[in-house]
Amino acid sequence: MEFITGKHLPRRTFLRGMGATAALPFLDAMIPAGRGRAATALAAVNRPRLIAIEMVHGAAGCNAWGATQNLWSPAKVGRDFDLSPTALESLEPFRDYLTIVSNTDVRMAEAFDSGEIGADHFRSAAVFLTQSHPKQTRGSDLYVGTSMDQLYAKRFGQDTPIPSMQLCIENVDQSGGCAYGYSCAYTDMLSWASPSEPLPMIRDPRVAFDMLFGTGTSAADRLQRRQTNQSLLDWIASEVDYLQRSLGATDRQRVDQYLTNVRELERRIQQIEARNSSGEPREIPEAPLGVPDSFTEHMKLMFDLQVLAFETDVTRVFSFKTGRDAQNRVYTESESSTPFHPASHHGGREQGVLEFQKINKFQVGQLPYLLEKLKATIDGEANLLEKSLIVWGSPMADGNLHNHRRCPLFLMGHANGQLPGGMHLAAPEGTPMANVMLTTLKMIGLDDLQSFGDSTGEFALTRATEVGA
Amino acid sequence: MRKTLASAALLGGLLVAVGGRWERHPSSVAESVSEVDEPRGTVPSHATASTTEAISPEVLTQVVQRTCVTCHNDVALTGNLSLQGFDVAAAAASPEKSEKMIKKLRAGMMPPPSAPYRPAGDTLTSLAETLETLVDRAAAKRPAAGDRPFQRLNRAEYQASVRTLLGLEIDPGAYLPLDSKSENFDNIADAQALSPTLLEGYLNAAAEVSRLALGDVKATPTDITYSVSGYASQLERVEGAPFGTRGGLSVMHAFPADGQYVFRVTFASTTVGNAFAGKDARFEQVEISIDGERVALIGVDQWLNIASPEGILMKTDPVAVKAGPHRLTAAFVSRSEGPIEDLLRPHDWSMSDRHTALGARGLTFYPHLEHVIVAGPTNVTGVSDNPVRRRIFSCRPVTAAEELPCARAILSRIAGEAYRRTLEPRDVDGLMTFYTQGALAGGFEAGIRLGLQAVLASPHFYFRFEQQPRGVRGGESYEVPDVALASRLSFFLWAEPPDAELMALASRGRLSDAKTLEQQVRRMLADSRADALGSRFAGQWLRLQDLEKVNPHVYWYPDYDQQLAQSMKRETELFFMNLVREDRSFLELFDAEYTFANERLAKHYGIPGVAGPEFRRVAYPDASRRGILGHGSVLVQTSLASRTSPVLRGKWVMEVLLGTPPPPPPPGVPDLEETKGDVGGRPLTTRQRMEVHRAAEQCRSCHLYMDPIGLSLDNFDLTGRLRTRENGMPLDTRGQLYDGTPVSNPSELLGALLKRPIPLVRNYTVNLLAYALGRRVEWYDMPAVREIAAEAAKSDYRMTSFILGIVNSDAFRMRTAATEQGGSGR
């Protein structure tokens with residue numbers, strides 16, 4: 001019953017500001033010192049930016065009939081593909097930046113034994129960026145794999161104040177937790193710093209903003225707050241040593257983990273200090289207002305933050321969860337009034353598949369906003385879309401069958417000139433999605449990586465000729 | 001009412017007796033278990049009573065091998081359980097399996113309804129009892145307290161801690177990441193992952209909260225935004241707002257300094273062009289008030305346009321406000337009392353017809369507030385005294401020499417409360433270095449502020465450490481120290497830190513004294529802070545937060561709004577707390593003839609004679625609504641936006657009330673919406689569509705459990721209203737419960753559930769225990785759960801009996817030390 005016309009209130013997108021009354025705060029020189037000047041800094045700045053976006057419930061085009069209608073991937077492979085019947089229609093203006101890889105499998109999301117059957121919704125999210133099979137547990141003995149964004153962030157993230165950031169759209173604290181023997185961590189978290197360390201997702205744009213740019217009302221204020229935090233962290237670290245003596249083994253282990261977090265925050269502060277002593281001040285927009293009701297507005301705010309973070313080089317890695325498995329949200333702004341999860345269980349009926357397609361289209365349709373902004377932002381000598389690699393995919397294929405074969409996946413951006421784009425590649429039957437992820441990881445700098453998840457080899461993303469399908 | 005139910009139970013009992021199953025039995029086998037599985041109240045069930053014969057383990061083993069192994073074998077592994085070779089006499093050797101069996105047997109869910117052969121009820125009961133006895137006996141020989149890592153303050157506990165420490169109301173969501181839940185609750189220690197993001201959240205919170213508490217003369221202008229949900233009605237006065245207003249919002253806002261603040265308001269609008277429809281916004285005024293006094297009046301500009309440079313936004317002139325927490329209200333001045341005279345009756349959800357109303361004649365659509373933004377301060381003149389500051393500054397240095405001792409006194413007191421323990425000198429010394437650092441830069445107050453920030457940034461505040469006594473070795477169980485016990489107790493019953501009385505008793509080592517402990521529990525339950533058991537424990541157990549997920553379709557349910565949803569949530573919380581306060585029987589949760597309602601909710605339920613927004617106890621007019629299965633909070637959260645879902649309702653009962661969730665649906669199952677909605681033009685009811693839907697064998701096995709439960713509640717529509725028709729067709733709610741009992745309405749369902757109270761009672765105990773301990777309840781806790789439930793049975797399941805049972809349990813009072821390798825001793 002909502003009639004959103006596509007024209008949104010300017011105040012909602014915070015980049016345009018709330019009004020003229022409050023002075024815009026200054027960011028204390030998040031711009032790297034050498035931009036356009038010192039060549040040494042350029043290599044670091046030119047490091048590709050990575051955004052990994054998960055769409056849940058698979059796609060209408062991954063249903064047997066939907067595939068014949070080309071609802072997800074276009075009919076033709078190579079450069080001459082037609083996006084008009086697909087859910088990717090809205091990406092037409094960006095086709096030069098688009099690499100569609102159809103036909104890859106996420107086998108690690110499948111059930112490995114009888115106790116896992118049917119619980120696809122509760123483990124898929126953990127599989128998407130790890131391409132590993134989660135250990136079924138409700139407890140803290142989580143185990144899946146290190147996610148691709150984290151492999152990248154671990155290698156290069158130390159160059160930026162924040163190695164990576166995790167964002168989400170849906171609330172994770174609903175229902176009684178997660179079901180069928182799976183910890184909520186598998187359902188709610190995309191990014192895994194190690195096979196046993198999920199990273200919490202941030203839903204509130206305001207909180208994400210504060211984490212990216214620090215709290216405080218002026219450069220001086222932020223500087224002072226950072227220094228205070230620095231001495232607090234020193235003090236906490238010394239307290240922890242003392243504390244360990246009175247605790248039992250279980251608690252000591254947890255305190256050790258806490259200490260690692262303390263060290264990481266210390267590093268972040270030092271990194272910002274180092275930059276600020278050599279940078280130039282710069283204006284940043286006002287912080288966003290909190291979580292909006294509208295899906296579109298929420299997505300836009302999150303995209304705004306990602307562009308802003310790239311622009312100021314606070315971080316170069318994002319993972320972004322656009323939905324929660326088995327959620328029943330009705331996308332009032334889409335053309336469909338069927339709740340998301342029921343829509344994905346379309347029973348294979350044509351009408352149902354087409355209804356689900358509306359939601360797919362709507363969700364992918366959010367992306368052009370980000371692409372436009374990245375393209376319009378010049379970073380050094382190229383725009384940010386040139387420098388970025390965006391992975392958009394789903395660990396599920398046909399949501400109706402809960403299967404994980406021939407899953408939706410496409411890449412956007414030129415990854416710093418490494419990815420030609422403008423191509424539709426169809427993988428040979430049985431190709432793991434991990435192969436594509438392995439190749440992209442190598443492409444963006446992890447050239448010594450041997451394997452990733454259940455990869456069986458690399459997948460050529462630069463040539464379309466070898467694809468026969 | 002008890003009669004109605006009783007007769008239903010009796011009817012069920014008789015029917016069942018004919019089938020020769022599920023009769024009353026004294027616990028002849030289990031000496032240690034005095035729980036009696038029978039309908040409670042004054043049911044003359046003795047008539048049908050017979051004594052369960054003790055059957056030998058050998059015979060029972062044969063029953064298991066003959067009956068259960070058909071599905072639960074090494075090959076089929078149905079339910080991930082194989083009972084091939086299971087020996088009942090050796091049940092204690094595989095307690096995990098035994099517990100699985102006990103649970104399903106007690107619930108009456110095994111063998112499944114589709115099973116070709118069922119042993120007599122006596123046999124199955126005897127099997128459950130024998131397993132229990134054997135497992136419990138073995139457990140008694142090696143008691144295990146269990147272990148978990150320390151808990152951290154979740155959002156709710158953080159908020160409560162700041163409130164008790166400083167008297168300051170904050171929004172923890174502004175700083176801390178979302179809490180992860182495990183088994184219903186957000187306080188389960190091993191699901192509370194630590195991360196740099198979390199630590200940063202605590203540090204940011206420390207910085208902000210300390211500034212808000214003391215006020216900040218150096219505060220620079222910032223915007224704080226409050227939002228009104230689009231699902232809220234704005235025709236009535238909201239709680240906290242001055243009389244004579246409508247809509248808007250009213251919050252406690254902490255102003256950081258004495259200075260000038262500008263209040264900006266934006267209005268709900270999703271169209272292009274003009275924000276408001278014609279004359280509807282004419283003469284509308286938004287009143288901004290501080291502590292109930294008007295400080296500004298904004299005349300709404302009826303020509304506001306989406307293309308205006310600032311959007312749909314209006315603002316006040318700068319207003320002088322003093323530092324500290326004040327009640328801030330932004331609301332419309334009410335222009336009319338009583339209903340609006342329109343051609344169509346306005347809906348309760350005042351936003352429901354904004355699209356029709358915009359530009360349409362004969363419908364009023366008032367402006368709605370969307371955001372209220374507090375911008376400021378400018379022209380800071382200082383920081384005035386206020387209750388928060390008075391609480392912090394217990395002394396005021398007059399001379400420079402008094403500063404250090406005064407600072408030490410203040411920080412010692414605050415840190416003692418914040419750390420929930422007695423301090424060591426080094427604790428205070430550490431804080432004093434921050435005081436000194438701050439005082440050097442900005443004087444005494446700045447020093448105290450930084451000291452306070454350090455207190456809030458300290459792991460001793462946001463982690464709940466429990467000391468392990470010296471000399472305890474891995475695998476050994478020990479009593480948690482009194483100080484830790486005080487925190488366990490207060491976070492359990494109050495969801496906030498212990499008060500002075502608890503701390504005093506703990507510091508003298510007297511809290512663990514059995515008599516004192518019980519006195520304290522009773523004192524705490526009588527205190528209003530125990531309301532947290534309703535909002536935090538019952539709220540999460542019964543999943544009241546899921547109400548938010550369901551927004552009934554506006555076209556069919558234009559009267560459903562956020563106020564109604566909140567009333568439903570409040571109803572369930574109040575109802576639960578009333579059971580605790582009056583120490584009623586737990587089973588009244590299911591069969592109470594009353595509830596708590598305000599005018600809005602009573603009207604919704606069709607209960608006459610309730611006026612005003614306050615909740616009060618009201619009797620249900622008839623037997624069609626009883627206990628929580630008649631609560632809107634439960635009925636709405638288990639529905640979809642456009643229809644009821646008997647499956648979700650059935651699943652909710654199985655999962656939340658009985659603790660036996662159905663397995664996940666097999667992949668490839670078409671959704672209900674995909675089944676045909678009509679036959680030859682005749683619309684089908686949800687039930688008829690379900691029948692089509694579950695024709696597939698793979699679906700049937702589970703739906704046989706869920707559907708009849710949900711169908712018996714299908715006379716409640718998706719908003720919890722009573723109905724007799726759906727899509728114009730009469731409803732058919734008949735079904736047969738998994739144990740064969742016919743059920744067709746809520747009272748028959750209740751009769752069938754209450755006929756077998758054990759699964760309900762034990763599942764409640766499991767949830768309460770998990771919440772109290774901050775860890776999941778595992779199979780090795782089940783002997784303790786049975787004991788607590790059996791003890792409660794002796795007093796007709798009084799609510800305090802469960803709470804005392806838990807407080808006195810080993811699991812609550814003790815911990816088992818982990819071994820050094822990190823293997824958790826249990």
Q) Which bit of B/Q437 is near chain A, if near means a heavy-atom gap under 4.5 Å: side chain, backbone, both or neither? A) side chain
(Q) Let's test your reading of the structure: which of A/E197, A/M189, A/M211, A/M165 forms the most heavy-atom pairs below 4.5 Å with chain B? (A) A/M211
(Q) So A/Y242 and B/E424, do their side chains get closer than 4.5 Å, heavy atoms only? (A) yes
Q. Do you know which two heavy atoms are closest between A/D251 and B/R148, and how far apart they sit?
A. OD1-O, 3.9 Å
(Q) Which atoms of B/E778 are under 4.5 Å from chain A, going by heavy atoms: the side chain, the backbone, both sets, or neither? (A) side chain
Q: Applying side-chain contact (heavy atoms from CB on, under 4.5 Å), run through B/K218 and A/Q224 and close with a yes or a no.
A: CA-CA 12 Å; B/K218 288 196 291 182; A/Q224 202 197 340; 4.0 Å; yes
Q. Picking from A/L199, A/T228, A/L243, A/I202, which has the most non-hydrogen pairs under 4.5 angstrom with chain B?
A. A/L243
Q: Mind running side-chain contact (heavy atoms from CB on, under 4.5 Å) on A/N229 and B/Q453 for me, showing each step along the way?
A: CA-CA 10 Å; A/N229 278 351; B/Q453 183 176 350; 4.0 Å; yes
Q. To the nearest 0.5 Å, what is the distance between CZ (B/F150) and OH (A/Y258)?
A. 8.5 Å
Q) Should the heavy atoms of other residues, nucleotides or ligands under 6.0 Å from CZ of B/R470 be counted, would the total exceed 12? A) no
(Q) So which residue, A/R268, A/R329, A/R263, ends up with the most heavy-atom pairs under 4.5 Å with chain B? (A) A/R268
Q. Side chain, backbone, both or neither: which part of B/L450 has a heavy atom under 4.5 Å from chain A?
A. side chain
Q: Mind listing the closest non-hydrogen atom pair of A/R225 and B/A207 along with its distance?
A: NH1-CB, 4.3 Å
Q: Determine whether B/P459 and A/I236 make a side-chain contact, defined as any pair of heavy atoms from C-beta on separated by less than 4.5 Å.
A: yes
Q) How long is the gap from OG on A/S183 to CD on B/E183, to the nearest 0.5 Å? A) 10.0 Å
Q.
To the closest 0.5 Å, what do you measure between CG (A/D188) and NZ (B/K181)?
A. 11.5 Å
Q | Qualifying residues under side chain to side chain donor-acceptor pair (under 3.5 Å), relative to B/S645, sequence neighbours excluded | A | none
**Q.** Contact origin within A/L265 toward chain B - heavy atom pairs under 4.5 Å
**A.** side chain
Q: State, yes or no, whether a side-chain contact exists between A/L233 and B/L203 at a heavy-atom distance under 4.5 Å.
A: yes
Q. Top residue by heavy-atom pair count (under 4.5 Å) with chain A, among B/A441, B/A193, B/A457?
A. B/A457
Q) Given that the side chain runs from C-beta out, which part of B/P662 has a heavy atom under 4.5 Å from chain A: side chain, backbone, both or neither? A) backbone
Q) If you count the non-hydrogen atoms of other residues, nucleotides and ligands that lie under 6.0 Å from CD in B/Q467, is the total more than 12? A) no
Q. Side chain, backbone, both or neither: which part of B/Y226 has a non-hydrogen atom closer than 4.5 Å to chain A?
A. neither
Q: Give, for atom SG of A/C184 and atom CG of B/L178, the distance between the pair rounded to the nearest 0.5 Å.
A: 11.5 Å
Q: Heavy atoms only: give me the nearest A/E264-B/P196 pair and the separation to one decimal.
A: CG-CG, 3.8 Å
(Q) Looking at every heavy atom in both A/V207 and B/G173, which two are closest together, and how far apart are they? (A) CG2-O, 3.5 Å
Q | Closest non-hydrogen atom pair, A/R254 against B/P149 | A | CD-CB, 3.3 Å
Q) Under a 4.5 Å heavy-atom cutoff, which of B/N204, B/L194, B/D427 has the most pairs with chain A? A) B/L194
**Q.** Set of residues satisfying salt bridge (Lys or Arg N to Asp or Glu O under 4.0 Å) with respect to B/D171, sequence neighbours excluded
**A.** none
Q.
Could you go through A/W235 and B/L431, starting from their C-alpha distance and side-chain angles, then the distance that decides it, and tell me whether this counts as side-chain contact (heavy atoms from CB on, under 4.5 Å)?
A. CA-CA 9 Å; A/W235 170 64; B/L431 296 172; 3.8 Å; yes
Q: Please test B/K549 against A/E170 for side-chain contact (heavy atoms from CB on, under 4.5 Å), starting from the C-alpha separation and ending with a verdict.
A: CA-CA 11 Å; B/K549 289 199 304 193; A/E170 296 300 331; over 6 Å; no
Q) Where on A/S231 is there a heavy atom nearer than 4.5 Å to chain B: the side chain, the backbone, both, or neither? A) both
**Q.** Heavy-atom pair with the smallest gap, counting every atom of A/A249 and B/A818
**A.** CB-O, 3.9 Å
Q) At what distance, to the nearest 0.5 angstrom, does OG1 of B/T197 lie from CD1 of A/I162? A) 8.5 Å
Q: Among the options B/V472, B/N80, B/L199, pick out the one with the most heavy-atom pairs lying under 4.5 Å from chain A.
A: B/L199
